[in-house]
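Read the structure below first, then the notes.
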Amino acid sequence: MATEKSKREPEEKGKESAREAALDFIREVINKDLETNKYGGRVATRFPPEPNGYLHIGHAKSICLNFGIAREYNGICHLRMDDTNPCKEETEYVEAIHNDVRWLGFDWGKHEYYASDYFQQIYEWAVKLIKAGKAYVCDLSADEVHDHRGTLTTPGKDSPYRNRSVAENLDLFERMRAGEFSDGSRTLRAKIDMASPNLNLRDPVMYRILKTPHHRTGDKWCIYPTYDWVHGQSDSIERITHSICTLEFENHRPLYDWFVENLGIHHPQQIEFARLNITYTMLSKRKLLHLVKGNFVRGWDDPRMPTIAGLRRRGYTPAAMRNFCKDIGLTKTESVIDVTRLENSLRDDLNKTAMRVMGVLHPLRLIIDNYPDNQTEELDAVNNPEDAGMGTRKVPFSKELYIEEEDFREDPPKQFFRLSPGREVRLRYAYYVTCSKVEKDASGKITTVHCTYDPATKGGDSPDHRKVKATLHWVSAKHAVDTEVRLYDHLFTKPDPEDAEEGKDWTSNINPKSLEILTGKLEPSVTKAKPGDRFQFERLGYFCLDADTTPQKFVFNRSVTLRDSWAKIEKGQKE
RNA sequence: UACCCGGUGGUGUAAUCGGUAACACUACAGGUUUUGGUCCUGUCAUUCGAGGUUCGAGUCCUCGCCGGGUAGCCA
């Protein structure tokens with residue numbers, strides 16, 4: 001094993017350094033800023049979620065980026081809750097965010113912040129802009145503001161309230177804060193340019209009246225700053241150097257720049273990257289919320305969900321997710337990642353780390369006619385052929401076994417190497433067996449396969465070195481542990497879930513067969529497992545013990561199948 | 001129809017000051033194998049188009065074409 005490792009290491013190191021050599025465009029900007037000493041050698045990033053839902057794999061990309069950069073540059077990464085809309089935010093989500101970021105392997109230390117902690121400062125800066133004649137109270141309704149904004153191709157019109165005196169603005173704004181006006185009746189707006197080709201600069205709203213209690217500030221405020229007004233200033237307050245965000249905020253950057261410049265405060269550099277898209281996967285927080293609220297799934301942590309909580313329950317490891325985020329790269333090009341990339345990252349990780357075990361999903365009885373009736377043998381099985389350090393275990397063997405239905409064909413097609421009448425195969429770690437006959441029920445369905453075994457092949461090797469073309473997994477019938485197994489398929493039937501037929505919406509693409517539940521048989525060693533433990537069921541896939549498990553009933557989630565080249569061949573034969 | 005951003009193989013990313021288009025995944029073909037897994041080997045693009053600058057262009061210039069974003073008091 002030691003020699004194998006030393007053989008592999010140079011390769012892996014080579015790959016690492018090659019990866020490091022090719023810096024992504026964001027790290028290039030940071031390097032440049034370090035060279036020019038733009039921020040005095042500091043690197044400070046932040047991950048700024050709104051606590052209005054669970055984090056998903058797209059957020060994982062951002063988390064890995066922001067915390068990763070901080071780690072690499074010996075900098076710092078803040079966790080900041082962007083909680084500026086009291087109507088949508090809940091403490092439950094804050095806790096879920098903590099959980100998920102930590103689970104992914106990142107630590108914000110003491111640097112946890114809330115935009116709501118800055119409300120007073122933000123308010124004072126608003127007053128400052130009013131005094132400078134750069135913000136005004138506007139009495140237009142939401143609809144009227146919309147009408148005045150103009151369109152993508154035509155300029156907007158100034159609000160009739162745009163030229164109020166500073167004194168009047170100050171008075172009105174103070175009374176907005178005091179709760180004198182009803183929700184939506186007035187706003188504070190930045191005075192920029194109603195004719196700007198960038199609509200974000202057409203006197204954007206900075207404050208709205210919202211008499212709704214906030215999850216942290218309670219009823220202290222009845223006016224709340226908009227995201228556009230608060231976000232950049234929050235970054236500035238925290239002295240963030242590089243504000244990394246997704247592409248849709250590119251058009252907002254001029255506005256954020258306008259705010260910090262007119263306030264004369266620290267100016268972070270915003271850098272935008274393309275958000276993650278994955279085939280057969282929905283990555284819109286709003287729509288994921290709809291899936292949960294509409295009971296299309298069993299909750300935020302349903303193993304079919306692309307949420308971090310869902311993937312965790314499915315059996316994903318933090319390392320697999322981090323590797324995935326690293327592998328997909330970072331650009332400004334909008335792209336769609338094939339979901340098999342995500343699955344492959346899990347296979348890669350679990351192949352090296354998961355304990356092997358034998359389990360049968362679709363049991364077919366197999367009787368070894370020439371095996372002693374009441375005999376049980378304890379056979380040695382390797383726990384992980386990739387890691388000898390994981391040792392071996394004993395697996396009980398007896399006359400009656402279960403094998404996988406798929407592993408027997410009475411009339412084998414071309415290239416089918418598994419068991420069929422007259423054919424000899426290996427039962428993993430046990431014996432060579434040859435099929436002598438089958439039993440069928442009235443409908444013609446095969447109920448039992450009879451075999452004879454060769455006692456000389458104990459352990460799975462034949463002294464005469466004769467070859468068998470297949471090795472089957474099996475479970476001893478009288479030692480088998482029943483388990484519920486949940487098999488998952490993509491939550492959506494189309495690569496692009498948004499691609500709905502005329503007159504239908506994205507929910508019409510939800511896969512009605514995304515969950516299949518069955519009862520399987522497992523070797524008894526799994527009874528020691530704890531929820532969250534991951535296994536490879538040999539020749540089938542990776543499975544994770546679910547939290548629904550009770551002392552009476554095991555529940556396994558299939559995290560991902562193994563690659564299956566026979567399935568591919570068979571599919572090709574049918575076409 | 002305005003503004004902003006993007007366009008390299010089936011997919012995702014690379015390619016210092018312009019200098020032989022590289023890596024990974026997939027697919028396909030082999031090899032190893034007590035998992036049809038893993039692992040190993042091989043094969044698969046002249047960079048959206050047209051001009052231009054240059055000894056030399058994926059990189060620079062011009063004009064097109066295509067895709068995405070933007071008209072919340074959401075973030």
Side-chain angles (χ1 to χ4, degrees), chain A residues 4 8 15 18-19 21-24 48-50 52 82-85 87-88 138 140-142 145-147 149-156 183-189 196-202 204-210 223-224 226-228 230-231 245-254 272 274 279 285-286 327-338 340-341 344-345 347-348 351-352 356 358 381-382 385-386 415-418 426-430 432 457 459-462 468-473 536-541 561-570:
Chain A
E4 261 199 26
R8 252 192 241 159
K15 279 180 194 167
R19 250 184 232 138
L23 283 184
D24 59 69
E50 184 191 14
N52 67 342
D82 260 333
D83 54 352
T84 58
N85 186 348
C87 310
K88 294 185 174 180
C138 179
L140 256 24
S141 71
V145 168
H146 175 264
D147 291 342
R149 186 150 34 225
T151 72
L152 294 175
T153 51
T154 56
D183 282 13
S185 61
R186 275 177 235 261
T187 56
L188 183 75
R189 300 175 68 183
S196 171
N198 182 342
L199 302 236
N200 294 121
L201 264 20
R202 318 243 264 227
V205 170
M206 296 165 63
Y207 270 98
R208 71 276 213 193
I209 301 171
L210 233 41
I223 56 172
Y224 291 95
T226 57
Y227 175 86
D228 272 350
V230 83
H231 185 81
C245 63
T246 44
L247 251 28
E248 68 268 31
F249 294 105
E250 210 157 21
N251 292 331
H252 296 241
R253 181 157 28 93
E272 307 86 7
T279 56
K285 232 175 168 184
R286 211 192 86 235
D327 285 348
I328 55 178
L330 189 71
T331 59
K332 296 190 72 159
T333 316
E334 294 249 22
S335 61
V336 185
I337 307 292
D338 195 314
T340 57
R341 287 284 283 263
N344 283 339
S345 73
R347 290 187 181 109
D348 277 355
N351 176 48
K352 287 176 256 163
R356 268 60 168 176
M358 290 196 285
V382 172
E386 304 293 314
Q415 292 184 80
F416 181 88
F417 303 144
R418 282 110 96 145
R426 171 168 38 232
L427 294 178
R428 184 147 226 227
Y429 301 127
Y432 284 16
T457 58
D461 267 323
S462 66
V468 287
K469 285 185 123 173
T471 299
L472 309 189
H473 61 277
Q536 181 192 108
F537 292 3
E538 293 221 30
R539 303 209 302 131
L540 296 175
T561 61
L562 249 33
R563 282 201 182 84
D564 188 349
S565 49
W566 163 241
K568 223 176 281 173
I569 293 166
E570 202 182 22

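Below, read A as the first sequence line, B as the second, and so on, with proteins coming before strands; counting in each chain starts at 1. All heavy atoms count here, side chains included; hydrogens, waters and symmetry mates do not.
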Original post:
How is A:Arg149 classified with respect to the nucleic acid when contacts are heavy atoms under 4.0 Å: base, sugar-phosphate, or nothing?
Top reply: sugar-phosphate

**OP:** Hey, which sits more toward the 5' end of RNA chain B by its nearest nucleotide, A:His146 or A:Arg428?
**Re:** A:Arg428

**OP:** Classify the nucleic acid contact of A:Arg347 as base, sugar-phosphate or nothing, counting any heavy atom under 4.0 Å across all strands shown.
**Re:** nothing

Original post:
Salt bridge or not for A:Lys285 and A:Glu50, using N-O below 4.0 Å?
Top reply: no

Subject >> Under-4.0 Å side-chain N/O to phosphate OP1/OP2 contact, A:Arg253 with B:C5 >> reply: no

Original post:
Just checking A:Gln415: base, sugar-phosphate only, or nothing, at a heavy-atom cut-off of under 4.0 Å?
Top reply: base

**OP:** Starting from P on B:C74, measure out to NE2 on A:His231 and report it in whole angstrom.
**Re:** 17 Å

**OP:** Name the nucleic acid region contacted by A:Val468, choosing base, sugar-phosphate or nothing; use a 4.0 angstrom heavy-atom cut-off, strictly under.
**Re:** nothing

Subject >> Distance, rounded to the nearest Å, where A:Leu210 contributes CG and B:A75 contributes C1' >> reply: 14 Å

Subject >> Nucleotide B:G12, atom C1' - distance to CD of A:Glu334 in whole Å >> reply: 14 Å

Original post:
What nucleotide, of B:C3, B:G36, B:G37, holds the atom closest to the side chain of A:Thr471?
Top reply: B:G36

Original post:
Can you check whether A:Arg563 has a side-chain N or O nearer than 4.0 Å to OP1 or OP2 of B:U26?
Top reply: yes

**OP:** Under 4.0 Å between any heavy atoms, over every strand shown, what does A:Arg202 touch: base, sugar-phosphate, or nothing? Just pick one.
**Re:** nothing

**OP:** Have a look at A:Asn351 and say if it touches a base, only the backbone sugar-phosphate, or nothing, with a 4.0 Å heavy-atom cut-off.
**Re:** base

Original post:
What is the nucleic acid contact for A:Ser335, judged by heavy atoms within less than 4.0 Å: base, sugar-phosphate only, or nothing?
Top reply: sugar-phosphate

**OP:** Please determine, for B:G36, whether a Watson-Crick or G-U wobble partner exists with both distances under 3.5 Å, and give it or none.
**Re:** none

Original post:
Should the heavy atoms of other residues, nucleotides or ligands under 6.0 Å from NZ of A:Lys332 be counted, would the total exceed 12?
Top reply: yes

**OP:** Just call it for A:Pro385: base, sugar-phosphate, or nothing, with non-hydrogen atoms closer than 4.0 Å on any strand.
**Re:** base

**OP:** With heavy atoms under 4.0 Å as the rule, sort A:Asn198 into base, sugar-phosphate or nothing.
**Re:** nothing

Original post:
Rounded to whole angstroms, how far apart are CD1 on A:Ile569 and P on B:A27?
Top reply: 12 Å

Original post:
Between B:A75 and A:Thr84, is there an OP1 or OP2 to side-chain N/O distance shorter than 4.0 Å?
Top reply: yes

Original post:
B:C73 C1' sits how many Å from A:Arg186 CZ, rounded?
Top reply: 14 Å

Original post:
With a 4.0 Å cut-off on heavy atoms, is A:Leu562 in touch with a base, just the backbone sugar-phosphate, or nothing at all?
Top reply: base

Original post:
When we call it a touch if two heavy atoms are under 4.0 Å apart, what does A:Leu152 touch: a base, just sugar-phosphate, or nothing?
Top reply: base

Subject >> Watson-Crick/G-U partner (both atom distances under 3.5 Å) of B:A22 >> reply: B:U13

**OP:** Both distances under 3.5 Å, Watson-Crick or G-U wobble: report the partner of B:C73, or none.
**Re:** none

Original post:
Given B:U13, is OP1 or OP2 found less than 4.0 Å from the side-chain N or O atoms of A:Thr331?
Top reply: yes

Original post:
Mapping A:Asp228 and A:Leu199 to their closest nucleotides on RNA chain B, which lands nearer the 5' end?
Top reply: A:Leu199

Original post:
At under 4.0 Å between heavy atoms, what does A:Lys469 touch on the DNA or RNA strands: base, sugar-phosphate, or nothing?
Top reply: nothing

Subject >> Mate of B:G64 where both pairing distances stay under 3.5 Å, Watson-Crick or G-U >> reply: B:C48

Original post:
A:Asn344 side chain: which of B:A75, B:G37, B:U26 is closest?
Top reply: B:U26

Original post:
Heavy atoms under 4.0 Å, any strand shown: does A:Tyr224 hit a base, just sugar-phosphate, or nothing?
Top reply: nothing

**OP:** Select base, sugar-phosphate, or nothing to describe what A:Asn200 touches, counting heavy atoms under 4.0 Å on all strands.
**Re:** nothing

Original post:
Minimum heavy-atom separation for A:Asp564 to A:Ala567, with atom names?
Top reply: OD1-N, 3.0 Å

